[in-house]
Every structure is written in structure tokens, then in C-alpha cells.
Amino acid sequence: MKKLPLSDLDRELLSRYGLDSRLLDKAMRFSYSHGEFLSREGEPLDFICFVVSGKAKVLISLSDGKQMLLAHFISDGIIGDVELMTGKMTHGSTVQVVTGFECIALPLGLYKETLRSNTIFVNHVAKELAEKLMQRAVNGAINTLQPLETRLSAYVMQSASDVDFCETLTEVALMLGCSYRHLLRSLNKLCEQGVLKKQENGYRVVNSARLAELAGDLYVLRVGGK
């Protein structure tokens, strides 16, 4: 992770949330690479982050230690808003970067009260939290009702770096709530259909249009901050 000074575009984004960057002199831009963790569930929450660009998967832990996929942030929204508004100063979920990822980070130790007392900002947060709640309810239904082929297609489409899908399959099986064998059968089926092609270090997307058709917009978390 790299720390960078704010740009004019970063300041403009903050202003859309009713925040004056001149009063937030400790704000900075964080830049992450593929595979890095923006947060880990249960660790101290030091920053609230405003997504500038990129994609990150959001996971929660179950009682048996397994992780479940919640959603994807796609170049939009706030990370840490739930914890800020509930007063919980530890991360409630794990956020792992899928592509190059940029965000504006505000140190909560300095700005927690400033943020909570800003009516415009709080109204934005309330709207985003409502949208997240609805989308996560949809995603919960998806995990229960949609066939694995559909869920896997959505996961591959969201997680592939360019056109390459190289994630650890045992972890993918846990996140999608299926057995490793069932996952392999579904991947093989997508290869047989000409959607994916097996390669030495994973899979390559060879028919992105068909993959998108199979996936729909599953696992996409849309929020209205920008």
C-alpha cells in the first residue's frame, strides 16, 4: 500500500459528501495492488475510506471459520461507514483488493466527531447504508437460490484480473458455499461452453459476453455517493 497526497479530484469527491478538504489536512490517498488487504475483520479501524477507483471483494467470517462473499465495491462508496455510525472501532468485514485500488483515507481518531456532526455527510451515509442493506439482502438470496454456475460466473467476472482468473480454488469454493469438486465441475462446464479456457496458472475468460450474460449483476454492491 502506498500513501499519496490528495489531488484536486480527491478534494472534489470529498466535497460531494459535504466535506471540506481544507479542514481535513491529515487526509491522504491510499493506493493498493491486487491481492492486498484494505481491512481484516476484527482488526482496529483506523481510517474511513472513500473509494476513488478499483474493485475489492468484501467478506465476512462465519462461526465455523469459513468466509462468505458479501459483495463487491466497484469504484464507489465508503468503507467503514457501518463501524463509524455504530461506534464499533474494529472492522466488521474483510476487504481484499481485486484490481488496482485507490481510496481517500481519513484518520478516524482525528475526524470521527467531525464526520458524525456533519449533517450532509451523515445523510449521505444513511442513504448508502440503506442501499447496502438492500443489496446484501439480495446477495443473501442469491447465495441461497441461484445455481452455482450463475454465482461462479459472477464471481469470475468480478474477480478476474483483465481476462485471467487465478484465485485459489479451495478458497473460492468456501466463499461460494460449495464443495471443491462441485466447483471444478462448474468450471469445466464453463470451459466446455467456450466461456473459459484452462491454463497453467488458472483460467482465461475467452467469451466475456457470455460470462456477463450468465452472471447478470450478482455480487455487485451499488451505492450512490458519487
Side-chain angles (χ1 to χ4, degrees), residues 1-60 69-129 131-132 135 158-162 164 166-167 219-226:
M1 185 264 286
K2 297 179 181 178
K3 297 181 181 180
L4 304 168
L6 294 188
S7 68
D8 289 340
L9 289 177
D10 295 336
R11 295 185 180 90
E12 181 183 343
L13 188 150
L14 289 174
S15 70
R16 296 174 192 171
Y17 285 94
L19 301 176
D20 187 343
S21 61
R22 294 172 297 180
L23 304 178
L24 305 170
D25 58 325
K26 301 299 182 182
M28 63 193 78
R29 178 186 280 230
F30 285 175
S31 177
Y32 295 87
S33 300
H34 169 75
E36 288 190 290
F37 287 89
L38 193 148
S39 69
R40 292 181 185 270
E41 187 174 351
E43 290 188 350
L45 177 69
D46 296 323
F47 297 90
I48 186 168
C49 297
F50 300 78
V51 181
V52 176
S53 64
K55 188 186 302 182
K57 59 186 176 184
V58 183
L59 311 164
I60 58 169
L69 180 70
L70 277 183
H72 281 79
F73 287 89
I74 301 183
S75 305
D76 205 354
I78 306 174
I79 298 173
D81 49 354
V82 174
E83 294 87 344
L84 172 68
M85 299 312 295
T86 59
K88 182 180 179 182
M89 296 309 292
T90 57
H91 288 285
S93 61
T94 295
V95 180
Q96 185 178 20
V97 170
V98 175
T99 65
F101 192 86
E102 307 275 337
C103 62
I104 302 167
L106 302 183
L108 273 182
L110 293 174
Y111 299 127
K112 180 173 66 173
E113 296 308 320
T114 299
L115 295 173
R116 291 177 64 123
S117 63
N118 185 315
T119 304
I120 296 175
F121 172 73
V122 170
N123 285 339
H124 275 283
V125 168
K127 182 176 183 292
E128 291 195 12
L129 288 177
E131 290 171 342
K132 288 177 181 179
Q135 187 61 53
Q158 299 294 340
S159 300
S161 178
D162 194 9
D164 293 323
C166 307
E167 295 206 13
Y219 298 131
V220 176
L221 179 58
R222 306 186 191 283
V223 292
K226 290 172 66 178

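Residue numbers count from 1 along this sequence.
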One should read off an interatomic distance between K127 NZ and L129 CG, to the nearest 0.5 angstrom, of 11.5 Å

State, to 0.1 Å, how close F121 and L84 come at their nearest heavy-atom pair, and which atoms those are. CE2-CD2, 3.7 Å

Counting distance only, does the side-chain N/O of H124 pair as donor-acceptor with the main-chain N or O of G18 below 3.5 Å? no

When every non-hydrogen atom of D81 is compared with those of E128, the smallest separation belongs to OD2-OE1, 4.2 Å

Please tell me if the side chains of N118 and Y17 come closer than 4.5 Å, counting only heavy atoms from C-beta onward. no

Using only atom types and a distance under 3.5 Å, with no angle test, would you say the side chain of S39 pairs donor to acceptor with the backbone of S93? yes

Can you name the nearest heavy-atom pair linking E167 to K57, along with the distance? OE1-NZ, 2.9 Å

What's the shortest heavy-atom distance between S159 and V98, and which atoms? O-CG1, 3.4 Å

How long is the gap from CG on L59 to CD on Q96, to the nearest 0.5 Å? 7.0 Å

Nearest heavy-atom approach of A105 to C49 is CB-SG, 4.1 Å

The residue among K2, E102, K3 that forms side-chain hydrogen bond (donor to acceptor under 3.5 Å, both in side chains) with S31 is E102

Give a yes or no answer on whether the side chain of H91 reaches the backbone of G42 with a donor-acceptor pair at less than 3.5 Å. no

Between S7 and D10, what is the shortest heavy-atom contact and its length? N-OD2, 2.9 Å

Side chain to side chain contact (heavy atoms under 4.5 Å, CB included) partners of L23, counting only residues at least two apart: D20

Can you tell me how far the CD1 atom of I104 sits from the CG atom of L4, to the nearest 0.5 Å? 11.5 Å

